[in-house]
Amino acid sequence: MLPGSEEKVFTIMQRYQDSQLYRIRHSTAHVMAQAVLEKFPEAKIAIGPPIEDGFYYDFDLPRPLTEEDQVEIEKRMREIIREGHEFIRREVSAKEARALFKGQPYKLELIDGLERGGVDEYGEKTDEPVVISTYRQDTFEDLCRGPHVANTREINPDAINITFKAPAGAYWRGDENREMLTRIYGTAWQTPEQLAEYLELLEEAKKRDHRRIGQEIGLFTFSQLVGKGLPLWKPKGAVLRDLLERFLRDVQLSRGYEPILTPHIARVRLFETSGHYPYYKDSQYSPFEVEGELFMLKPMNCPHHIQIYKDELRSYRDLPVRYAEFGTVYRYEKSGELHGLTRVRGFTQDDAHIFCTPEQLEEEFLKVADLVEFILNSVGLTDFRARVGIRDPESDKYVGEDEGWEHATQAIIACADKRGLDYTVEEGEAAFYGPKLDYIIRDALKREWQISTIQVDYNLPARFELEYVGEDNERHRPIMIHRALYGSMERFVAVMIEHFAGAFPAWLSPVQVVMIPVADRHLDYAREVAAQLRDAGLRVEVDDSAGRMGGKIRSATTQKIPWMLIVGDRDIEKSAVSVRLRSGEDLGAMHVADFITQASHIVETKALQLA
RNA sequence: GCCACCCUAGCUCAAUCGGCAGAGCAAACGCUUCGUAAGCGUUAGGUUAAGGGUUCAACUCCCUUGGGUGGCUCCA
């Protein structure tokens, strides 16, 4: 049932695991563990695998780790590496292993697992019979499957770093009910240049952090009094969000969607019927009582939308029905999980639900996929891949009959194939009511963000007993497609900020043009031109502050305003403006009318470039 | 929620060992009127997140609470 793309992911992982870089990182993790144990002989060691971009090792340490400790450990690691120790593998019996790791409770637990079989030293399931092996370099011997480099000399001591990231807490075996260990992250590369490049990328990501840029250009803020995870949109942020919403609203209208509006709360019974309440109780806010009846904040919009569908008897001639709403939902996220605009407690989804017949399913799904790709391309997120999320066969957090799941999964895969999408299939990524197709974009720094989602649902129509009257005059059950393109407006804006580093395409810039007079006597002309631009539909501000021209240019540049129009005597004479872009490019003087034509064209075509 | 760290003016940050809370930007006011990334000056701005404790003395040490950061867990 799984198509070839799963194999593709597997091969990428396999290629990494077979690589020299993987062995270097795995070996550096061992070297780090040795250095840590030398410093803290009473430390307990857990596991230390390579990860994307580096490695980590988890320890149970006698005290919190300081920056100085990290510097010291890193220094010692370089010494160990330079000493040129061989990595020596040996296979041991469970009994020998237990003797070897006496006093290391985490290792002993791992050995138990290995002996029982079926689980490797990282707790991952494996079908192969497990051989217990160890690797030793210098004084340090670790329970490990490998592979490693032959000698520490293969590690470049100037291409490793463990101080770039603060030590972090991590649960033993990823279980929040178990011990909290100290995780030290490290990164290791083959050359110092690669390390420098990686560290620069982290710097760049920091500079693009939407929380920082959002503050700098005045898009949003948070208030202690309002509460954590509840963003407040300032005027410029609200303009940006409104532009995105308006664009999508217009496109949806032209593609047969009908806008609806629903309230933010509902009776708990609604979510008991939908199945949200029992399944996701932990991530919902406590119900509150109103006149003896329990209500709650809505964690999803679908049940509300379904009630509108149910308000009328539907004929097959009415279908598909496509209801769209920018619906605000509230979900309880643990305080430590909150993060800027990307993880919040109240957010607005560009939600829509399509009710269709089984015969219409494929066509409707493909139409949504087309819409998704049109929107992503329009906003400049042109690098994306897709993921088919299916049930985790081990988990019981799903509702409904196998048959519906099977149909839905097959329909999604058929559509993805038909569209020629580059996709992977991943278990456990389904919604609780159905499988889905997610679009994952890659931003300017090649980081991935899950944005759009299309979900096929046989379950909620059954739970709510949805019907339509078919050609045969019999009652039939419609299928629902849930979809969101931006996903959540909050998260989407965050992604846009980081992707464009705050320098949005002109059509999305909260302020598109700033008028900068050379001297105060040019202010009247600046205001006149501003009025003309405003009439032409451009968002323009006049910088009438006390500073000098240079300062105003600097200020507009840091605010990432696309066009600066500098006006002085020379421009007034010719009814012109001198155009400077936020990139610093000087386009020289042009007639006001010409600027309006050019700028309007760039805005209307949603061009990514300003010239 | 858990582990670690942090919170000083609107913003970004100083303040040696526990000994008089300070700067830049922004703001207000004044001077300057200037052609492509910061003109000059003056003023104002603080219960050092809040509360408690130790001390002759707390921004500094301890505790509680709130908020933030990096991770973990979670993310329908």
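Values in this document were obtained by computation on a predicted structure and should not be read as measured data.
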Nearest-Å distance, CD1 (A/I184) to C1' (B/rC72)?
15 Å
Can you tell me how far P of B/rA76 sits from CD of A/E337, to the nearest Å?
11 Å
Are any non-hydrogen side-chain atoms of A/L437 and A/F365 less than 4.5 angstrom apart?
yes
Under a 4.5 Å cut-off applied to non-hydrogen side-chain atoms, are A/I184 and A/L65 in contact?
yes
Centre of A/F220's six-membered ring, under 6.0 Å away, within 45 degrees of the axis: is that where NZ or CZ of A/K234 sits?
no
What pair of heavy atoms forms the shortest contact from A/Q104 to A/L37, and how long is it?
NE2-CD2, 4.5 Å
Looking just at side-chain N and O atoms, do A/Y433 and A/Q455 make a donor-acceptor pair shorter than 3.5 Å?
yes
Donor + acceptor pair across side chains of A/Q284, A/H276 (<3.5 Å)
no
Check the phosphate of [N] against [X], side-chain N and O only, distance under 4.0 Å to OP1 or OP2. Yes or no?
X	N	result
A/K228	B/rG66	no
A/Y185	B/rC72	yes
A/H339	B/rG71	no
A/R521	B/rC34	yes
A/R580	B/rA37	yes

Of all of residues 203-218 of chain A, which get a heavy atom below 4.0 angstrom from RNA chain B, listed by number?
A/R211, A/Q215
